[in-house]
2 protein chains.
Amino acid sequence: MGAALDAEGPDGTQARGEQLHGIGAVAAQTGVSERTLRYYEEIGLLSPRDHSPGGMRRYCRDDIDRVLRIRELQNLMGFNLEEIRRVTAAESRLSSLREDFRASSDSGRQREVLDEALRALDELRDAAQAKIAALQGFLADLDERFERHRRRLEGLQDLDDAKEET
Amino acid sequence: MGAALDAEGPDGTQARGEQLHGIGAVAAQTGVSERTLRYYEEIGLLSPRDHSPGGMRRYCRDDIDRVLRIRELQNLMGFNLEEIRRVTAAESRLSSLREDFRASSDSGRQREVLDEALRALDELRDAAQAKIAALQGFLADLDERFERHRRRLEGLQDLDDAKEET
DNA sequence: CAATAGTCTGACGTTGACGTAAACCAGAGA
DNA sequence: TCTCTGGTTTACGTCAACGTCAGACTATTG
């Protein structure tokens, strides 16, 4: 039989024979460089699901999604990688709340952790809302000024047209 | 008589006795460092209205506004200083379209320039709109996931409560 | 089993956007 | 005139987020 590439227990979280990808494929699919992926791992931002016996990185689908999310947080929210680390950590904690939560020896402590994760994501939501509001103000101002200039340019246009037909 | 700090001609564009500010005052008012202001000048992004005979920078109100706009474009749009230079240059070109436009020897060429400036600002508007749309999608997704997790946590809460009162 | 393509770990380089320190000027008040 | 506060240039330092090698190792394929 083939080697067991999926080392996970039978918890149903991941499809058993999940497809794993090399770093090159992930780079191609996400548009980030291989160097960047290694860098993300280096700073503890994103580690591949597992490694081949030879030591090569094997990424799963979730890892790819996470890369895309990192880029989203960079581009849309303007976060640096440290901030992104905090956010994605909170998200991961929430995603992993399942049966293993029940198995916890101290469920009070666990809920505390999850509460904090929820608070973190709430902050993120607030930040996103604030940014949207600011951008809408920015856009309104832009539209207004744009219109003003357009009208003024039109006036000059008319003036020139009149001049032309003497 | 006092020295003529305002070297501008009588064109009405600026109030005659306009207040000029030292670099320290501008830094305090805008929240950017003096180093940053000098850096902006160094890369041709923002030059003070004029200099004192001794070589000291004298900023006017418009300069301050421009500093604030630069920060806005950095924070909201995530532009780098080169992109900001292009945008603010286009804005300046539009702002300076006044009587001196009439005086141009080649008004066709001038309108060409202004048209391009308008196009540049139009692109900025599009970018802002796109960013808002993306952020709204991001936020909607966030809200949805947040709700899902909150409900799940609530379920666990109830389960624990029931356990407690045996 | 050799060739080829893909990946690994260092380690140093780069770029943007400033920070910081040194040593020298400018302008207002006592 | 002296002095103090604020400003100037020059130049090197820094930090995040990677880029770019070199040289060895791994995996796949004919």
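Order of the sequence lines sets the chain letters (A, B, ...), proteins ahead of strands, with each chain counted from 1.
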Rounded to the nearest Å, what distance is computed from the [atom1] atom of residue [X] to the [atom2] atom of nucleotide [N]?
X: B:R38; N: C:dA22; atom1: CZ; atom2: C1'; answer: 13 Å
X: B:I70; N: C:dC18; atom1: CD1; atom2: C1'; answer: 14 Å
X: A:L37; N: D:dG19; atom1: CG; atom2: P; answer: 10 Å
X: A:H51; N: D:dT26; atom1: NE2; atom2: P; answer: 14 Å
X: A:I23; N: C:dT9; atom1: CD1; atom2: P; answer: 9 Å
X: A:H21; N: C:dG6; atom1: NE2; atom2: C1'; answer: 16 Å
X: B:R85; N: C:dA17; atom1: CZ; atom2: C1'; answer: 16 Å
X: B:D50; N: D:dG7; atom1: CG; atom2: C1'; answer: 15 Å

Base of D:dT20, side chain of A:R35 - is there a donor-acceptor contact under 3.5 Å?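 When only heavy-atom distances are counted, A:R35 does reach the base of D:dT20 through a donor-acceptor pair under 3.5 Å.
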Ion pair check, [X] and [Y], cut-off under 4.0 Å:
X: B:R119; Y: B:E123; result: no
X: B:D141; Y: B:R145; result: yes
X: B:R61; Y: B:D65; result: yes

Would a hydrophobic clustering, with Ile, Leu, Val, Met, Phe, Trp and Tyr connected at side-chain separations under 4.5 Å, put A:I132 with A:L139?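 Both belong to a single hydrophobic cluster.
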Compare the minimum distances between each of D:dT26, D:dC18, C:dC18 and the side chain of A:M56, then state the nucleotide with the smallest one.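 Nearest to the side-chain atoms of A:M56, counting from C-beta on, is D:dT26.
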Which nucleotide in C:dC18, D:dG19, D:dT9 has an atom nearest any side-chain atom of B:L81: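 For B:L81, the side-chain atoms sit closest to C:dC18.
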Base, sugar-phosphate, or nothing: which does [X] touch, judged by heavy atoms less than 4.0 Å apart?
X: B:E34; result: sugar-phosphate
X: A:I43; result: nothing
X: B:Q74; result: sugar-phosphate

Crowded around B:E41 CD? As in, over 12 foreign heavy atoms under 6.0 Å?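 Atom CD in B:E41 is crowded, with more than 12 foreign heavy atoms closer than 6.0 Å.
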For [N] and [X] - does any side-chain N or O of the residue sit under 4.0 Å from the phosphate oxygens OP1/OP2?
X: B:Y39; N: C:dG16; value: no
X: A:R71; N: D:dC18; value: yes
X: A:S52; N: C:dT7; value: no
X: B:T36; N: C:dG19; value: yes
X: B:R57; N: D:dG7; value: no

First of B:G55 and B:F79 reached from the 5' end of DNA chain C, by closest nucleotide: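 On the 5' side of the pair lies B:F79.
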